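Heads up: the structure comes next, in structure tokens.
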Number of protein chains: 2
Amino acid sequence: MTTAETKDRILETAARLFHEQGFNGTGVSTILREADVNAGSLYHFFPSKEALLLGVLERYRHLLHPVVMAPVEAATEDPIGRVFALLQQYRDWFAPLNFTMGCPIGNLALELADSLPGVRELVRANFDGWSGFVEKWLKEAGDRLPADADRGQLAHLVLTVMEGGLMQARARASAEPYDASVRQLRRYFDLLEDQAARQRRPGGRRR
Amino acid sequence: MTTAETKDRILETAARLFHEQGFNGTGVSTILREADVNAGSLYHFFPSKEALLLGVLERYRHLLHPVVMAPVEAATEDPIGRVFALLQQYRDWFAPLNFTMGCPIGNLALELADSLPGVRELVRANFDGWSGFVEKWLKEAGDRLPADADRGQLAHLVLTVMEGGLMQARARASAEPYDASVRQLRRYFDLLEDQAARQRRPGGRRR
DNA sequence: AACAATGTTGAGTGATCATTCAAATGAATT
DNA sequence: AATTCATTTGAATGATCACTCAACATTGTT
């Protein structure tokens, strides 16, 4: 059993348990039992439970591209299509869990952003990764969106819909609030594309 | 010191501490100290910490109208204006807290929706209250919005923007993600109103 | 004034919390 | 084979956890 194996198993188990039960709701003893590791081993790699949490957040950050974004970009070419492919893939991930778990990062953000120093920065880094991809896609959409529609703001809105929609889906144990929000976001983008199309053909008048 | 006073002080203190530190992050002993109450007193009114949480959520539900919605309706007549007045009032409330605290209900929703039975139902009841008002306003907007724009879905979107926007504002310690999302939501509503106006004057062509 | 019901006191319960550490083991280098 | 360093073992630590309870005080009823 190599070094990397044990450390990875600890990180993976901790990530799962923090996601399922929250940080304060997860005891170190539970992590030890489920990862099949002794206390000393864990504390050999991580000086504290908090350091373990930071490791988990670092891990999420590294997994963002290979696990989340690469599949989306592989499945969809169209840049605006990628935005909604991401929203769909997110839904496909959380819906089968019966709405028993929220966003792994968002949960930790709300539970700990203020009480633990360092957490907020890593949460922000994670969100920056997510919104960075969305913003990149929206920029690639070029003049299909109105020039005055701020890509950064739109990317924020997309993330907002993901996180807020999942929160309400969880509270209601139903995908409906998420789906409703995504459908409205879709309509918004359709209207923006209409507007941009009209701007591209100045003969079309109206706005 | 009447009965109601002690019980209220416990509920108020618990609500504040749960909001600041989360449910699992708040010890009963802290509640006792800050509410200046003995353990036996608390357990006289609430059989468990969980029951206390349910009391807190009930309290939020009862305060929704007098504390949140009545001021909005008093300050703004226009139904669509009320939606954005609510979003603004929400911002005015959380921004001065330096983004150290999220939505009291949303936080608990994400921390506990699954682990504690009963919590989810009360969280849902709270969210239903919020979205109920928004949906009512959107219905009052009548034909200012397109007939095929589902008012319930739009209300979900508004709540989604509130919760998701605040989550990201907190993670970034800045109101910017919230403001960006609200601005985009504003633009969406503007586009919807344009569309509805065109539908009302069929001579206007185009869509 | 007597009584019952409701509310309060606060020390004490066992369980679980995150964490420590000296000793044993494993792997890599010389 | 000897040495070194990283890793693992697992029992033990004191602190804090949610919670209990028997005694006492207060309030309301008759």
Side-chain angles (χ1 to χ4, degrees), chain A residues 1-59 107-108 111-112 114-119 122, chain B residues 1-59 107-108 111-112 114-119 122:
Chain A
M1 186 175 299
T2 74
T3 288
E5 268 179 27
T6 303
K7 193 174 178 180
D8 273 8
R9 206 168 60 253
I10 293 171
L11 279 173
E12 198 182 322
T13 307
R16 178 172 55 81
L17 291 171
F18 289 164
H19 186 206
E20 288 173 3
Q21 324 179 21
F23 179 75
N24 287 314
T26 302
V28 172
S29 62
T30 308
I31 300 173
L32 298 175
R33 186 177 357 102
E34 305 226 353
D36 197 27
V37 162
N38 289 98
S41 268
L42 190 152
Y43 282 91
H44 172 72
F45 293 107
F46 305 97
S48 67
K49 188 188 178 188
E50 182 180 341
L52 174 57
L53 171 66
L54 298 181
V56 166
L57 286 171
E58 265 296 337
R59 185 169 170 273
N107 286 6
L108 294 171
E111 186 183 355
L112 305 165
D114 314 301
S115 43
L116 294 184
V119 168
L122 270 171
Chain B
M1 187 177 298
T2 75
T3 289
E5 268 179 25
T6 302
K7 193 174 178 181
D8 273 8
R9 205 169 59 253
I10 294 171
L11 279 173
E12 198 182 321
T13 306
R16 178 172 56 81
L17 291 171
F18 289 164
H19 185 206
E20 288 173 2
Q21 325 180 20
F23 178 76
N24 287 314
T26 302
V28 172
S29 62
T30 308
I31 300 173
L32 296 176
R33 184 175 0 98
E34 304 225 353
D36 196 28
V37 164
N38 290 97
S41 267
L42 190 152
Y43 283 91
H44 172 71
F45 293 108
F46 305 97
S48 69
K49 189 186 177 188
E50 182 180 342
L52 173 57
L53 171 67
L54 298 181
V56 166
L57 286 171
E58 265 295 339
R59 185 169 170 273
N107 286 6
L108 295 171
E111 187 182 355
L112 306 164
D114 315 299
S115 42
L116 295 184
V119 168
L122 270 171

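Here the structure is a predicted model, which is why all the values come from computation and not from measurement. Letters go in sequence order (proteins before strands), and every chain restarts at 1.
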Original post:
Which whole-number value in Å describes the distance from Leu42(A) CG to dC17(C) C1'?
Top reply: 14 Å
Subject >> Atom-pair distance (CZ on Phe45(B); C1' on dA5(C)), nearest Å >> reply: 13 Å
**OP:** Taking all non-hydrogen atoms of both residues into account, name the closest pair between Ala14(B) and Val56(B) and its distance.
**Re:** CB-CG2, 4.0 Å
**OP:** Strictly below 4.0 Å, heavy-atom distances to any atom of DNA chain D: list the hits from residues 46-59 of chain A, or just say none.
**Re:** none
Original post:
Which of residues 20-28 of chain A sit near DNA chain C, with a heavy atom under 4.0 Å from it?
Top reply: Thr26(A), Gly27(A), Val28(A)
Original post:
Given atom CG of Asp8(B) and atom P of dG7(C), what is their separation to the nearest angstrom?
Top reply: 13 Å
**OP:** Check the distance between dC17(C)'s P and Leu32(A)'s CG and give it to me in whole angstrom.
**Re:** 11 Å
Original post:
Whole-Å distance between dA18(D) P and Leu116(B) CG?
Top reply: 12 Å
Original post:
Nearest heavy-atom pair of Ala15(A) and Arg59(A): which atoms, and what distance?
Top reply: CB-NH1, 3.9 Å
Original post:
Should Tyr43(B) be listed as having a side-chain N or O under 4.0 Å from OP1 or OP2 of dC19(D)?
Top reply: yes
Atom pairs and distances, donor-acceptor, side-chain atoms in residues 37-46 of chain B, under 3.5 Å, two or more places apart:
none

Original post:
If only side-chain N and O atoms of Ser29(B) are considered, is one of them under 4.0 Å from the OP1 or OP2 phosphate oxygen of dC17(D)?
Top reply: yes
Original post:
Under the salt bridge (charged side-chain N to carboxylate O under 4.0 Å, His left out) test, which residues partner Glu58(A), sequence neighbours left out?
Top reply: Arg61(A)
Original post:
Going from CZ on Arg9(A) to CD1 on Ile31(A), what distance comes out if it is rounded to the nearest 0.5 angstrom?
Top reply: 13.0 Å
Original post:
What distance do Asp8(B) atom CG and Glu5(B) atom CD have between them, rounded to the nearest 0.5 Å?
Top reply: 8.5 Å
**OP:** Could I get the full list of side-chain contact (heavy atoms from CB on, under 4.5 Å) partners for Leu54(A), not counting sequence neighbours?
**Re:** Val119(A), Leu122(A)
Atom pairs under 3.5 Å: protein N/O with N/O of nucleotides 10-14 of chain D:
{"residue": "dG10(D)", "atom": "O6", "partner": "Gly40(A)", "partner atom": "N", "Å": "2.9"}

Original post:
Which side-chain hydrogen bond (donor to acceptor under 3.5 Å, both in side chains) pairs, counting each pair once, include a residue from residues 13-36 of chain A, with sequence neighbours left out?
Top reply: Arg16(A)-Glu34(A), Asn24(A)-Glu111(A)
**OP:** Could you state the atom-to-atom distance from CD1 of Ile10(B) to C1' of dT8(C) in whole Å?
**Re:** 11 Å
Subject >> Out of dT8(D), dT6(C), dC19(D), whichever nucleotide has its closest atom nearest the side chain of His44(B) >> reply: dT6(C)
**OP:** Report the end-to-end axis angle of the helix from dA1(C)-dT30(D) to dT30(C)-dA1(D); each axis comes from five terminal pairs, and the value is rounded to 10°.
**Re:** 10°
Subject >> With Glu12(A) via salt bridge (charged side-chain N to carboxylate O under 4.0 Å, His left out) - residues at least two apart >> reply: none
**OP:** Can you tell me which residue pairs pass the salt bridge (Lys or Arg N to Asp or Glu O under 4.0 Å) test with a partner in residues 21-31 of chain A, sequence neighbours excluded?
**Re:** none
Original post:
Roughly how far apart are Thr6(A) OG1 and Leu11(A) CG, rounded to 0.5 Å?
Top reply: 11.0 Å
**OP:** In whole angstrom, give the distance that lies between atom CZ of Phe18(B) and atom C1' of dA18(D).
**Re:** 12 Å
Original post:
dT26(D) C1' sits how many Å from Glu5(B) CD, rounded?
Top reply: 14 Å
**OP:** Can you measure from CZ (Phe18(A)) to CG (Leu53(A)) and round to the nearest 0.5 angstrom?
**Re:** 5.5 Å
